[in-house]
Amino acid sequence: MIGFIFDLDGVITDTARDHYEAWKYLGEQLGITIDETFNEQLKGISRMDSLEMILKYGGKDAQFSLAEKKEFMKLKNDFYVERLNNLTTENVLPGVKAFIEGARMKEIPCAIASASKNAPFILEKLGIKQMFHHIVDPDSLSKGKPDPEIFLRAAELLQISPTNAVGFEDAQAGIDAIKSCGMFAVGITSESSLENADITIESLAELSIDALLYNLK
């Protein structure tokens, strides 16, 4: 049986700007200035790993305790979630609903494999949470992307072999995670190349499920 495993941000919806503004806000509180170019490095990785990268970038990676870092992450997340309240069903990216509905008609189970702890809330706001069989809880994981653990967990939840799964990602860390566990990788990007993706598209609106399944043969 085939299963589809999706990253969230940049694949299902686009909250990249909200993440950037939240990290930028936190950086300002810590006396660290980040720009959009630096922010590209944070795509697809966990909240703690993102914070560690920002602190290192600002030369402050050895200045704070774990408790303080947890407070910083909460500050960032509170700012981010406040912006998420503006999400509606109109914020689902082009082609997503039709693609997942097509998967449902073909009895292909779908899961979300996102580093975002806010994934259930975001999917609720978008009105599509019920379309996914499982959402991997990042708190249940020991490693973040590019480690393959999150995609392996998604395959386990779908009760399929990783080699029978297709992963959908917009970040290089995610593509690396998908390929390292033997999955077929669909890269979604309009701005840069994603190395080692088996197929690269700009949106799910471009991809036919029948064509995708043909490529898996």
Side-chain angles (χ1 to χ4, degrees), residues 2-20 23 34-57 93-96 99-100 103 108 110-116 119 122 132 135-136 138 141-156 158 160-217:
I2 298 296
F4 292 163
I5 302 173
F6 300 84
D7 178 41
L8 179 60
D9 190 35
V11 175
I12 303 298
T13 189
D14 189 1
T15 58
R17 187 73 195 181
D18 300 299
H19 275 295
Y20 169 59
W23 283 124
I34 66 169
D35 58 19
E36 293 185 67
T37 300
F38 174 82
N39 186 65
E40 288 296 309
Q41 301 176 53
L42 308 181
K43 286 188 174 180
I45 65 174
S46 70
R47 198 179 301 172
M48 177 60 87
D49 287 343
S50 295
L51 175 60
E52 295 286 8
M53 288 180 66
I54 291 170
L55 293 176
K56 184 175 181 180
Y57 179 74
L93 287 174
V96 168
F99 189 87
I100 298 174
I108 299 172
C110 298
I112 293 289
S114 169
S116 174
I122 292 171
F132 297 92
I135 303 170
V136 177
L141 308 174
S142 59
K143 298 178 182 178
K145 301 172 188 177
D147 188 273
E149 183 181 14
I150 191 168
F151 286 99
L152 292 172
R153 180 65 56 81
E156 179 184 359
L158 292 177
I160 60 172
S161 165
T163 55
N164 287 334
V166 179
F168 299 79
E169 266 282 0
D170 74 316
Q172 190 62 54
I175 295 294
D176 293 342
I178 291 168
K179 295 307 297 178
S180 65
C181 56
M183 293 183 184
F184 189 92
V186 177
I188 301 177
T189 180
S190 60
E191 298 178 357
S192 60
S193 62
L194 292 171
E195 294 181 6
N196 299 319
D198 295 292
I199 293 176
T200 302
I201 55 176
E202 289 193 12
S203 80
L204 284 173
E206 298 177 13
L207 187 61
S208 155
I209 292 180
D210 287 336
L212 176 57
L213 295 178
Y214 180 82
N215 274 279
L216 297 179
K217 295 179 180 179

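All figures in this text were calculated on a predicted structure; none of them were measured in a lab.
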Student: For residues Phe168 and Leu207, determine if any side-chain heavy atom of one lies less than 4.5 Å from a side-chain heavy atom of the other.
Tutor: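 Yes, their side chains come closer than 4.5 Å.
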
Student: Side chain to side chain contact (heavy atoms under 4.5 Å, CB included) between Phe132 and Leu8: does it pass, once the steps are laid out?
Tutor: CA-CA 12 Å; Phe132 297 92; Leu8 179 60; over 6 Å; no

Student: For Ser208, check side-chain contact (heavy atoms from CB on, under 4.5 Å) against everything at least two apart and list the hits.
Tutor: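 In terms of side-chain contact (heavy atoms from CB on, under 4.5 Å), with neighbours along the sequence ignored, Ser208 is linked to Asp210, Ala211.
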
Student: Side-chain contact test, heavy atoms from C-beta onward, threshold under 4.5 Å: evaluate it for Ile12 versus Ile100 and give yes or no.
Tutor: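 Yes - at least one pair of side-chain heavy atoms lies under 4.5 Å apart.
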
Student: Taking the side chain as every heavy atom from C-beta outward, state whether Asp9 and Ser114 have any pair of such atoms under 4.5 Å apart.
Tutor: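 Heavy-atom side-chain distance check fails, nothing below 4.5 Å.
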
Student: Which residue pairs satisfy the side-chain hydrogen bond (donor to acceptor under 3.5 Å, both in side chains) criterion with at least one member in residues 35-45, sequence neighbours excluded?
Tutor: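 Sorted result for residues 35-45: Arg17-Glu36, Glu40-Lys43.
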
Student: side-chain hydrogen bond (donor to acceptor under 3.5 Å, both in side chains) with Asp49: which residues, sequence neighbours excluded?
Tutor: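 Only Ser46 meet the side-chain hydrogen bond (donor to acceptor under 3.5 Å, both in side chains) criterion with Asp49.
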
Student: Kindly write out the residues that satisfy side-chain hydrogen bond (donor to acceptor under 3.5 Å, both in side chains) with Thr200, not counting sequence neighbours, or none if the list is empty.
Tutor: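 Thr200: no side-chain hydrogen bond (donor to acceptor under 3.5 Å, both in side chains) contacts found.
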
Student: Just so I know, are the side chains of Phe151 and Pro162 near enough to count as touching, which here means a heavy-atom distance under 4.5 Å?
Tutor: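 Phe151 does not reach Pro162 side chain to side chain.
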
Student: Tell me, which pairs form a ring-ring contact (aromatic ring centres under 6.0 Å, His included) where one or both residues lie in residues 182-217, sequence neighbours left out?
Tutor: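 Residue pairs passing ring-ring contact (aromatic ring centres under 6.0 Å, His included), neighbours aside: none found.
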
Student: What pairs meet the side-chain hydrogen bond (donor to acceptor under 3.5 Å, both in side chains) rule with one or both residues in residues 166-188, with sequence neighbours excluded?
Tutor: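 Pairs touching residues 166-188 that pass the test: Lys145-Glu169, Gln172-Asp176, Lys179-Asp198.
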
Student: What residues form a ring-ring contact (aromatic ring centres under 6.0 Å, His included) with Tyr20, not counting sequence neighbours?
Tutor: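 Once residues adjacent in sequence are excluded, Tyr20 has no partner under the ring-ring contact (aromatic ring centres under 6.0 Å, His included) criterion.
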
Student: Would you say Trp23 and Phe38 make side-chain contact, with heavy atoms under 4.5 Å?
Tutor: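 The answer is no; the side chains never approach within 4.5 Å.
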
Student: Who pairs with Leu93 by side-chain contact (heavy atoms from CB on, under 4.5 Å), at least two apart in sequence or on another chain?
Tutor: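 Applying side-chain contact (heavy atoms from CB on, under 4.5 Å) to Leu93 gives Asp14, Val96.
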
Student: Can you list the residues that meet the side-chain hydrogen bond (donor to acceptor under 3.5 Å, both in side chains) rule with Glu206, with sequence neighbours excluded?
Tutor: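 Expected list: none.
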
Student: I'd like to check the salt bridge (Lys or Arg N to Asp or Glu O under 4.0 Å) partners of Asp18; sequence neighbours left out, ordered by chain and number.
Tutor: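 Salt bridge (Lys or Arg N to Asp or Glu O under 4.0 Å) check on Asp18 returns Arg83.
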
Student: Before you tell me yes or no, could you show the steps for Ile108 and Ile209 under side chain to side chain contact (heavy atoms under 4.5 Å, CB included), namely the whole-Å CA-CA distance, both residues' side-chain angles and the distance that decides it to 0.1 Å?
Tutor: CA-CA 10 Å; Ile108 299 172; Ile209 292 180; 4.2 Å; yes

Student: For Glu195, what residues pass the salt bridge (Lys or Arg N to Asp or Glu O under 4.0 Å) criterion, not counting sequence neighbours?
Tutor: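 Once residues adjacent in sequence are excluded, Glu195 has no partner under the salt bridge (Lys or Arg N to Asp or Glu O under 4.0 Å) criterion.
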
Student: Can you tell me how far apart CD1 (Ile2) and OG (Ser161) are? Round to the nearest 0.5 Å.
Tutor: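 That separation rounds to 9.0 Å.
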
Student: Apply side-chain hydrogen bond (donor to acceptor under 3.5 Å, both in side chains) to Ser203 and list each qualifying residue two or more places apart in sequence or on a separate chain.
Tutor: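 With sequence neighbours excluded, Ser203 shows a side-chain hydrogen bond (donor to acceptor under 3.5 Å, both in side chains) to no residue whatsoever.
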
Student: With side chains defined as the heavy atoms from C-beta onward, is the minimum distance between Phe4 and Leu158 less than 4.5 Å?
Tutor: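 Result no, sub-4.5 Å side-chain heavy-atom pair not found.
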
Student: Quick one: are Asp7 and Ile188 in side-chain contact, heavy atoms under 4.5 Å?
Tutor: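 Result no, sub-4.5 Å side-chain heavy-atom pair not found.
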
